[in-house]
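Have a look at the structure below, then the notes.
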Amino acid sequence: MFSSPFLLVFPFFLLACFLLYWAGARHAYLRRPEAENGDATAFDWHFFVPCRDEEAVVGTTVERLRADHPRAHVWVIDDDSDDRTGAIVAERAETDRRVHLVSRVRPNARQGKGAALNAAYDELNQFLSKDADRERVVVCVIDADGQLDPRALERVSGPAGFGDPETGGVQVSVHMRNAGDARPLGEDRGRVRNAFARLLVRMQDMEFSVSNAGMQLLRGRTGSVGLGGNGQFTRLAALDRIAAAERRPWQRGALLEDYELGLHMILGGDRISHIADTWVSQEGLPHARRFLTQRTRWAQGNLQCVRYAPRIVSSRHYGGKGVLETLYTFLQPVAHLVTLALCAVMFVLLGLTAAEDGFGAAFGGMLALWPLVLGLAVVSVLPFVLWGPVYRRDRASDHSLLSALLWGLALWLYAYHLFPASARGFVRMLRGRNGWAKTRRNAEVVTSGPVAIES
């Protein structure tokens, strides 16, 4: 019954792809050269901060951006919030000419993050003089709870970033600034729930700051770096080129509007780089439900991106390695769905075998394969465990090596969230549910204002 070549070969093929990708990402991360600083004064900086019901965090974000980057303009897009987000920003804008409020009103508002960013792009175009050098104007997207490294503008101005005239976009690393919180849920939630929440936030920090950074640095070698929703820098001229071809820079209705922007940028001939030596921080999600909501949106967004495959394969701006890496990224949710289906098929076949030959015979046949199963388990788990010491070195040097190895083991378990997220994203897509669900901020559980409803 287990003679199907696909059932036997596919899991090994997926494992081989994963190991190859992991080895490349780890090597790229560990052997990366330090990014050189550039002249930030050579550019004009504009921060776009999309907001919907963000009164709990937006004031602090604007104040910090203005304090750390005094030459920059801050454009806050209020996507028809039900709380005081717009009022808070409007009060600041009255006394600071470099703070701008972009107000959106339903029915045009609440159509996704991409639509909000396009509104800010339109406002910026009206604000700039006609003779502005749009190659020197840089737009940076910051989450409403984002905090940018004070050195970031110098880093992204260097030769690895906009110091290279062919660079159209730069993505910086992302950190979770609450990774060290002892009680992310508060004192009243109990030790066990807080312990789980603390581990969940730590895994997100580990994922973004080392694993995903390594992946992005590998993409730098394949010419397929992706842009993220936080810490995303783009030349205004590059946005203009996308708008000329697509009518708008950010795609309306896209669940991964940031990643799709990067695809359009590369398809248009602009280079994107990732700089791991500077960062933007945000709050990791300590709530499993919010976390799964967020990751379901990302998985569904990946599935949406499959439609770009023909353009990427035929593009002269993507090399062979870039095509393979991008298709690998697109097809991750598909691979997870196929794996789930294969697991279901194998359980059915096991049940049929047990019914025909007896449970003892079926169990004995499985037991005979234990050396292979053990070997596959070690090969599958070890790559995650090996990220632990790297993370400890760069982000948690005050913790023990044992803690780092245990974190690496937890990262392996954490990665299994991709399977339910991919399944939920696929079901949402089949049902035509393509709405952009805003993930609530941690502080919103204590604010008096209403919050966006997750779906």
Side-chain angles (χ1 to χ4, degrees), residues 52-54 56-57 113 143-146 174-212 228-230 255-256 281-303 332-333 335-337 339-340 343 380-381 384-385 387-388 391 395-396 403 406-429 431 433 435-447 450-455:
R52 194 180 98 186
D53 303 329
E54 300 284 10
V57 294
K113 187 176 178 181
D143 278 357
D145 67 337
V174 178
H175 297 167
M176 304 299 152
R177 64 174 172 272
N178 57 334
D181 286 1
R183 290 183 173 271
L185 299 179
E187 296 290 339
D188 59 333
R189 295 301 181 95
R191 295 178 62 181
V192 174
R193 294 182 66 180
N194 268 294
F196 174 80
R198 185 167 62 248
L199 182 61
L200 181 60
V201 174
R202 179 70 69 178
M203 290 302 98
Q204 292 168 68
D205 189 48
M206 193 171 179
E207 173 190 20
F208 275 91
S209 59
V210 292
S211 179
N212 283 5
N230 198 12
L255 296 178
L256 286 183
S281 72
Q282 62 190 49
E283 284 193 322
L285 298 176
H287 301 273
R289 181 179 176 183
R290 295 185 199 175
F291 174 79
L292 188 58
T293 296
Q294 179 194 69
R295 298 310 171 98
T296 297
R297 183 175 77 241
W298 293 1
Q300 188 177 356
N302 255 5
L303 291 170
Q332 283 295 296
H336 299 143
L337 292 171
T339 301
L340 287 173
C343 288
S380 301
V381 175
F384 294 96
V385 173
W387 277 122
Y391 175 75
R395 293 281 296 144
S403 293
L406 291 175
W407 286 338
L409 184 63
L411 186 66
W412 166 64
L413 296 173
Y414 167 84
Y416 281 94
H417 78 266
L418 295 170
F419 291 94
S422 297
R424 292 180 80 230
F426 182 67
V427 170
R428 281 179 56 86
M429 188 173 68
R431 296 176 63 187
R433 296 181 63 187
W436 191 89
K438 180 250 184 186
T439 306
R440 290 189 296 162
R441 304 296 175 199
N442 300 334
E444 286 178 341
V445 297
V446 296
T447 188
V451 298
I453 298 175
E454 297 176 27
S455 60

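All values below were derived from every heavy atom in this structure, side-chain atoms included, with hydrogens, water molecules and symmetry-related copies excluded.
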From [atom1] ([X]) to [atom2] ([Y]), nearest 0.5 Å:
X      : Y      : atom1 : atom2 : result
Met206 : Tyr391 : CE    : OH    : 7.5 Å
Arg428 : Gln300 : CZ    : CD    : 5.0 Å
Leu418 : Thr296 : CG    : OG1   : 10.5 Å
Trp298 : Leu255 : CH2   : CG    : 12.5 Å
Asn194 : Leu199 : CG    : CG    : 12.5 Å
Asp145 : Asn178 : CG    : CG    : 9.0 Å

State, to 0.1 Å, how close [X] and [Y] come at their nearest heavy-atom pair, and which atoms those are.
X      : Y      : value
Ala396 : Arg202 : CB-NH1, 4.1 Å
Ala182 : Arg198 : O-NH1, 2.5 Å
Ala299 : Ala421 : CB-O, 3.7 Å
Gln204 : Met176 : C-CG, 3.8 Å
Pro333 : Ser422 : CA-OG, 3.5 Å
Val57  : Ala144 : CG2-O, 3.5 Å

Original post:
Do we see a donor-acceptor contact under 3.5 Å between the side chains of His175 and Ser281?
Top reply: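 Per modelled atom types, His175 and Ser281 side chains form no pair under 3.5 Å.
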**OP:** Ignoring hydrogens and angles, state whether a donor on the side chain of Gln282 or Asn230 is under 3.5 Å from an acceptor on the partner side chain.
**Re:**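 Present: a donor and an acceptor within the cut-off.
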Original post:
Just wondering, more than 12 heavy atoms not from Phe426 lying within 6.0 Å of its CZ?
Top reply: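 It does not: Phe426 CZ has 12 such atoms or fewer within range.
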Subject >> Side-chain ion pair, Arg193 and Asp188, N-O less than 4.0 Å >> reply: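 No.
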Original post:
Quick one: are Arg297 and Leu256 in side-chain contact, heavy atoms under 4.5 Å?
Top reply: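 Counting from C-beta outward, Arg297 and Leu256 never come under 4.5 Å.
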**OP:** May I have all residue pairs that pass salt bridge (charged side-chain N to carboxylate O under 4.0 Å, His left out) and include part of residues 174-184, sequence neighbours excluded?
**Re:**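 The answer is Arg183-Glu187.
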**OP:** Kindly write out the residues that satisfy side-chain hydrogen bond (donor to acceptor under 3.5 Å, both in side chains) with Asn302, not counting sequence neighbours, or none if the list is empty.
**Re:**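 Partners of Asn302 by the side-chain hydrogen bond (donor to acceptor under 3.5 Å, both in side chains) criterion come out as none, since no residue qualifies.
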Cut-off 3.5 Å, no hydrogens considered: what does the side-chain donor-acceptor table look like for residues 408-416, sequence neighbours left out?
from, atom 1, to, atom 2, distance (Å)
Tyr414, OH, Glu207, OE1, 2.5
Tyr414, OH, Arg295, NH2, 3.3

